[in-house]
Amino acid sequence: MTPSEQRQPHHRTVLSFVQRGGRTTVGQQRAWDEHWARLGRDVRELPPGPLDASAWFGREAPALLEIGSGMGETTAALASAEPHLNYLAVEVYPPGLAQLILRIEKAGIENLRLLRGDAVDLLTDHVAPGSLSGVRIFFSDPWPKKKHHKRRLIQPAFVALVASRLVEGGLLHLATDWEHYAEQMMEICSAEPTLRNRYPDEPGGWAPRPDWRPVTKFEQRAVEEGRVSHDLMFERR
């Protein structure tokens, strides 16, 4: 599997991700060759207009989008635990998607579909307004150096875009283990007029950490390094 040249997204010039290299294992390659055509789509190759999720899943169900599925351990667990959802995951890293396909195959998960590419392009060009029951973004790159903060995914324009794609009452759920990034997320989400904090009376407005969200390797590393993770939950007004 050799990823094609990534085009520069036409909606922004500053990207929140970098194109990483990495080789797929024999097992990942086999899973990709056998199942990508059914389970995956390249964002750049989607036909114009909104993605027809119901046709892809073969059923009508609430659609949820996870942005940045990484190596897929959390994504597979969450999708498996929520069979009532049409669960979509978008990721730029091909080996991570290949590993997630392996997890889908092993666990027999039926309600998960994968998209390779930029989430901003996906949301802008291929997700209809008011069509998502939820968006999850767990431990996106914190770009900790001050000069790189502009690369962080959670920015006002992006949050406004996500909010516009949520149904009324739809939930934007964020999690990060970087204190400054968490504070930035809280400031940006609180300022978005179409969103409201689901937990305004909790200390700092932070959402209680849900038991159903698996502990990722990033979160475990944060615990070992003494960092506190924060969850934020904002719903569409």
Side-chain angles (χ1 to χ4, degrees), residues 3-4 6-20 36 39-53 56 62-72 74-76 78-79 85-101 112-143 148-167 170-176 181 184-185 188-189 192 194-195 216 218 232-234 236:
S4 57
Q6 188 83 5
R7 68 172 169 86
Q8 288 296 316
H10 54 276
H11 302 293
R12 56 177 177 163
T13 57
V14 178
L15 299 180
S16 62
F17 59 87
V18 294
Q19 288 295 332
R20 293 181 290 166
W36 177 254
L39 296 174
R41 298 284 188 275
D42 193 312
V43 173
R44 299 174 306 164
E45 297 174 359
L46 292 173
L51 174 71
D52 189 345
W56 194 6
L64 182 142
L65 176 66
E66 182 179 327
I67 297 174
S69 53
M71 297 304 288
T74 294
T75 307
L78 292 176
L85 294 176
N86 285 346
Y87 205 110
L88 295 160
V90 60
E91 171 61 49
V92 297
Y93 187 47
L97 289 167
Q99 183 62 33
L100 182 49
I101 292 173
L112 180 55
R113 300 291 185 270
L114 315 180
L115 293 142
R116 179 174 63 174
D118 187 347
V120 174
D121 286 350
L122 175 67
L123 287 164
T124 302
D125 296 334
H126 303 293
V127 176
S131 63
L132 296 175
S133 66
V135 173
R136 292 172 178 168
I137 309 172
F138 298 151
F139 301 94
S140 60
D141 195 327
W143 294 100
H148 291 153
H149 286 180
K150 63 185 178 182
R151 291 185 175 273
R152 288 175 170 175
L153 179 62
I154 307 304
Q155 305 286 351
F158 177 74
V159 169
L161 173 62
V162 170
S164 73
R165 268 51 182 169
L166 292 171
V167 300
L171 187 66
L172 171 59
H173 183 180
L174 309 174
T176 183
Y181 197 13
Q184 177 183 328
M185 290 177 173
I188 290 171
C189 291
E192 170 51 48
T194 63
L195 294 176
T216 68
F218 298 105
L232 298 83
M233 296 186 187
F234 280 76
R236 173 80 189 207

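Along the sequence shown, residues carry numbers from 1. What you are looking at is a predicted structure, and each value in this text was computed from that prediction instead of being measured.
For Gln99, the side-chain hydrogen bond (donor to acceptor under 3.5 Å, both in side chains) partners are Gln28, not counting sequence neighbours. Scored by the side-chain hydrogen bond (donor to acceptor under 3.5 Å, both in side chains) test, Ser69 finds no partners at all (sequence neighbours excluded). Taking Ala128 as the reference, Pro50, Ser131 meet the side chain to side chain contact (heavy atoms under 4.5 Å, CB included) condition, with sequence neighbours excluded. Applying the ring-ring contact (aromatic ring centres under 6.0 Å, His included) rule to His173 yields the partners Phe138, Trp212; only residues at least two apart in sequence or on another chain are considered. Under the side chain to side chain contact (heavy atoms under 4.5 Å, CB included) criterion, Arg41 pairs with Leu46, Trp56, Leu115, not counting sequence neighbours. Shown here are the side-chain hydrogen bond (donor to acceptor under 3.5 Å, both in side chains) partners of Gln184, two or more places apart in sequence or in another chain: Arg152. Thr216 meets the side chain to side chain contact (heavy atoms under 4.5 Å, CB included) test with Thr74, Phe139, Phe218, Glu219; sequence neighbours excluded. When the salt bridge (charged side-chain N to carboxylate O under 4.0 Å, His left out) test is applied to Arg113, no partner is found at least two apart in sequence or on another chain.
Atom CZ of Arg165 is separated from atom NE2 of His126 by 11.0 Å, given to the nearest 0.5 angstrom. Remark: Leu114 CG to Thr75 OG1 distance equals 8.5 Å, nearest 0.5 Å. Rounded to the nearest 0.5 angstrom, Leu112 CG and Leu64 CG are separated by 10.5 Å. In this structure, CZ in Phe158 is found 5.5 Å from CG in Leu123, a value given to the nearest 0.5 Å. Note that the CG atom of Asp141 and the CG atom of Leu153 stand 9.5 Å from one another [nearest 0.5 Å]. Atoms CE and CG, from Met71 and Leu97 in turn, are 9.5 Å apart once rounded to the nearest 0.5 Å.
When every heavy atom of Gly70 is checked against every heavy atom of Glu91, the shortest pair comes out as N-OE1, 2.8 Å. The two residues Trp36 and Ile101 come nearest to each other via the heavy atoms CE3-CD1, 3.8 Å. For the pair Arg236 and Ser164, the tightest heavy-atom approach, listed with the atom from each and the gap, is NH1-CA, 3.3 Å. Of all the heavy atoms in Gly117 and Val92, the pair that sits closest is O-CG1, 3.2 Å. Of all heavy-atom pairs spanning Leu174 and Cys189, the tightest one is CD1-SG, 3.8 Å. For the residue pair Val43 and Asp118, the shortest heavy atom distance occurs at CG1-O, 4.3 Å.
Between Ser140 and Tyr181, the side chains place a donor N or O and an acceptor N or O closer than 3.5 Å (distance only, hydrogens not considered).
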Report task. Kindly determine whether Leu78 and Arg136 satisfy side chain to side chain contact (heavy atoms under 4.5 Å, CB included), including the steps that lead there. Result -> CA-CA 11 Å; Leu78 292 176; Arg136 292 172 178 168; 3.8 Å; yes
Report task. Give the C-alpha distance, both sets of side-chain angles, the deciding distance and a yes or no for side chain to side chain contact (heavy atoms under 4.5 Å, CB included) between Leu195 and Leu166. Result -> CA-CA 10 Å; Leu195 294 176; Leu166 292 171; 4.3 Å; yes
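The closest donor-acceptor contact from the side chain of Gln155 to the backbone of Ala157 lies at 3.5 Å or more, if one exists at all. Listed for the Ser133 side chain is no donor-acceptor partner under 3.5 Å among the backbone atoms of Gly170. In this structure, the side chain of Thr124 does not engage the main chain of Asp121 through any donor-acceptor pair within 3.5 Å.
The side-chain contact (heavy atoms from CB on, under 4.5 Å) test with Leu88 singles out one residue from Leu65, Val127, Leu122, and that residue is Leu65.
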